[in-house]
Amino acid sequence: LARYWRGQGYDVLHPIGWDSFGLPAENAAIKRGVDPREWTYANIAQQKASFRIYAPSFDWSRVLHTSDPEYYKWNQWIFLKMYEKGLAYRKASWVNWDPVDQTVLANEQVLADGTSERSGAMVVKKKLTQWYFRITDYADRLLEDLDQLEGKWPTKVLNMQRNWIGRSRGAEVEFEIEGRAEKVPVFTTRPDTLHGATFMVVAPDSDLAAELAAGASPEVRLQFKTYLDATQKQSEIERQNTDREKTGVFLDHFAVNPVNGERIPVWASDYVLADYGHGAIMAVPAHDQRDLDFALKFELPVRVVVNVLDEDGSPLPDPAESGIATAGEGVLINSAELDGLSKTDAIARAIEVLEERDTGRAATTYRLRDWLISRQRYWGTPIPILHAEDGSMRTVPESELPVTLPDAAGLDLKPKGSSPLGAATEWVNVTDPETGETLTRDADTMDTFVDSSWYYFRFLSSNDPTQAFDPAEAKTWAPVDQYVGGVEHAILHLLYSRFITKVMFDLGYIDFEEPFLDMLNQGMVLLDGAKMSKSKGNLVEFASELKEHGADALRVTLAFAGPPEDDIDWADVSVQGSAKFLARAWRIAHDIELAGSANADFAAGDPSLRRATHQLLADAPGLSESYKFNVVVARLMEQVNVTRKAIDSGCGVTDPAVRESAEAIAIILSLFAPYAAEDMWAMLGHEPTVALVEWPSADESLLVQEEVTMIVQVDGKVRDKVTVTPAITETDAEAQALAAPNAQRAIGDRQVVKVIVRAPKIVSIVTKPAS
RNA sequence: GCCGGAUUGGUGGAAUUGGCAGACACGGCGCACUCAAAAUGCGCUGCCGAAAGGUGUGCGGGUUCGAGUCCCGCAUCCGGCACCA
């Protein structure tokens, strides 16, 4: 893509860098007993050398490594900016703990099966004081701005982000609990069903459940304790199994339904989650399946308040009898002032009523949680915060950044639950030069997703020691026109990047709110259906093919195998086939060089070959811009084939059209096979480099065909083909079609009832049996 | 359960707005060159059929002169989310 846009005359910034902090590097270094820094930079050097063989057109002058102090200084700067704006804060809460890597994880790093994205270990819950970024403040903007990316980002990614943010609109309803001064808020998307709330359920691991249980009878206290223990022992997989039977404990308390004053029992059950909404719900068993399952199990009342009809317009059976909650739309009943209203109207009215009585209001909740950025590991960005003995905190002044990592020598880096930086006594202990006060540095490091959430800004000013990036450069280049990345980044990296971009916008450094205008999710290379990986040793095959056929052949193979979004199974491709194609292309330039044919006037060239060349020049840009590189390669193959034919059995190698074709091939081929294309370009007598040659535009006048094939259909079936001039009139087209022998045979003695003419492409004849 | 995507020959895949389905390759078969092989070049290659012809884009319907493409229903596979109130 970078090469294509350069060929169109654009300035292209195609940067490269290493996101080099983080657990995988640190764990590998610990395993080998070496310094993570040495290990990381040795690997970068090796990878860099390997990259260059493949001739990506990177701008190496802007190369960056996120583990360089020159880079992570600006992570700390961003942290300070966030802290100033109240977007970075510290709080104690239940966090995801990876028992193998011995660190906390962000919600986004816990996979659906409850294991760690990094170590694969089952994640456990632990209560810790940690740093967070307030991404939830941006939830609405992160959600709504996705609409701007519609059609530019893959639908899948947009949907994944929408899902992840998970906005629900509804109402917050306050329930009084007997014997408790403060009211308890619950969130519901169905305030219309408030009259059908027959009990309340709180999450067993919530503070409220503990409080209510504490005020209950000794038996209830014991039951609750047993239940809570059982809940906390469950694995994430067990907990997420939605088929399992409902369990719960009555908490010996009653709440009051604010709309009808009804006394309803309060239960604790693990189907209510402590960290979503308010950790408590109003249960409407008639219209919610989970509540119904619970009500039937514990013999709680079920009251229908929405008259839901089936397709035929007859009422659905009573949920209490059928066991199936009626969650659909319908007219409200048994609901006082809401009776007779539709769902939408009833929701609006219910909110009005709640607001009038000051017992509730319209509300929105999100699935998205604040971003936990503390990590108890060495190989990351130190958090620029100092802690005083009295528990207060102060920031490291911007002028003293970066806070560099202490030397790893002498530190025990093994995961142990607290940051290894804490043991670097000389680093941790600081004396305030003004007050003489003893301060300790925050010993945690930042999640590496902080590093990767703004690197596209740093590439603008990689070598600038005075600022994170130059806003003037951002005005020139940013936002990113084309982002290429795997779909594995759909949520984590891309959501964080969008968030940081919006923060930068709010801070006034940039004038746009979305970082990546266009996105391509490239597929993976598989071998027999499995990911190719170093650990499986099957990259060896790749290396040997590189040695045998060269980088160009591998590049062409990757481009030609299919659309870039799709996975490629290496078992299905032929590197040898690509090498063969390259040799055929190369030989055309070679033959021209051997023939010593001078640079001639293309206009004098063979018309049919010229037409093919210009058709290619006309089509290649559109195909490239829609990422159809496999088709561009196919078209190059066709062009090589017709040119070969022209040389061997057509106009001959000295015809100017052959040179014109060869030049077009070299220019377009340079996207995929830069080495071969450069060689061809030289053989054709040109100076380097073909990579900087602007693409010639197609001559439209050459694309006009003198003859085209017109299809003749009879009753929807192709029966004949007629060669006609493209300018043929409808009348002539119809006459010729009707006269075509195979069409006549197909018509036979049937009667022609209709003729549709789309000259010069097709004539469709409709017949019926002769009467 | 909810949301999204996919399904085309033996294989990877192609097919502007509905207009010749299978471009281009891989593989296979045949031929030329060669003592021979490799390499290279040329030809054939969706399926059924000797041919004429028929048939064919996951399945069943529909719209249309005409559907891989549009509409309805279904199946299978892949991905995301999920006791989210």
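Note that this is a predicted model, so its numbers are computed, not measured. In what follows, chains carry the letters A, B, and so on, assigned in the order in which the sequence lines appear, proteins first and then strands, with residues in each chain numbered from 1.
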Taking atom [atom2] of [N] as reference, at what distance in whole Å does atom [atom1] of [X] sit?
{"X": "A:Ile762", "N": "B:G66", "atom1": "CD1", "atom2": "P", "value": "11 Å"}
{"X": "A:Arg162", "N": "B:C84", "atom1": "CZ", "atom2": "C1'", "value": "19 Å"}
{"X": "A:Ile165", "N": "B:G80", "atom1": "CD1", "atom2": "C1'", "value": "14 Å"}
{"X": "A:Lys761", "N": "B:G18", "atom1": "NZ", "atom2": "P", "value": "11 Å"}
{"X": "A:Lys717", "N": "B:A21", "atom1": "NZ", "atom2": "C1'", "value": "16 Å"}
{"X": "A:Met524", "N": "B:C78", "atom1": "CE", "atom2": "P", "value": "14 Å"}

Worksheet item: Reckon A:Val272 touches a base, only the sugar-phosphate, or nothing at all at heavy-atom distances under 4.0 Å?
Response: base

Item to complete: Give A:Gln713 one of three labels, base, sugar-phosphate or nothing, depending on what nucleic acid heavy atoms sit under 4.0 Å from its own.
Response: base

Fill in: Donor + acceptor pair across side chains of A:Thr193, A:His287 (<3.5 Å)
no

Same-atom distance ([atom1]) from [N] to [M], integer angstrom:
{"N": "B:U8", "M": "B:G22", "atom1": "C1'", "value": "8 Å"}
{"N": "B:A25", "M": "B:C81", "atom1": "C1'", "value": "39 Å"}
{"N": "B:A32", "M": "B:A39", "atom1": "C1'", "value": "14 Å"}

Worksheet item: Toward the 5' end of RNA chain B, which comes first, A:Ala274 or A:Arg719, by nearest nucleotide?
Response: A:Arg719

Give every pair of a protein N or O atom and an N or O atom of nucleotides 12-14 of chain B that lie under 3.5 Å apart, one pair per line with the distance.
residue : atom : partner  : partner atom : Å
B:G12   : O2'  : A:Ala561 : O            : 2.6
B:G13   : O3'  : A:Asn630 : ND2          : 3.3
B:A14   : OP1  : A:Asn630 : ND2          : 3.2

Fill in: Pairing annotation in dot-bracket form, given for RNA chain B with Watson-Crick or G-U pairs under 3.5 Å and | for cross-strand partners
(((((((..(((......[....)))((((((.......))))))(((....)))..(((((..]....))))))))))))....

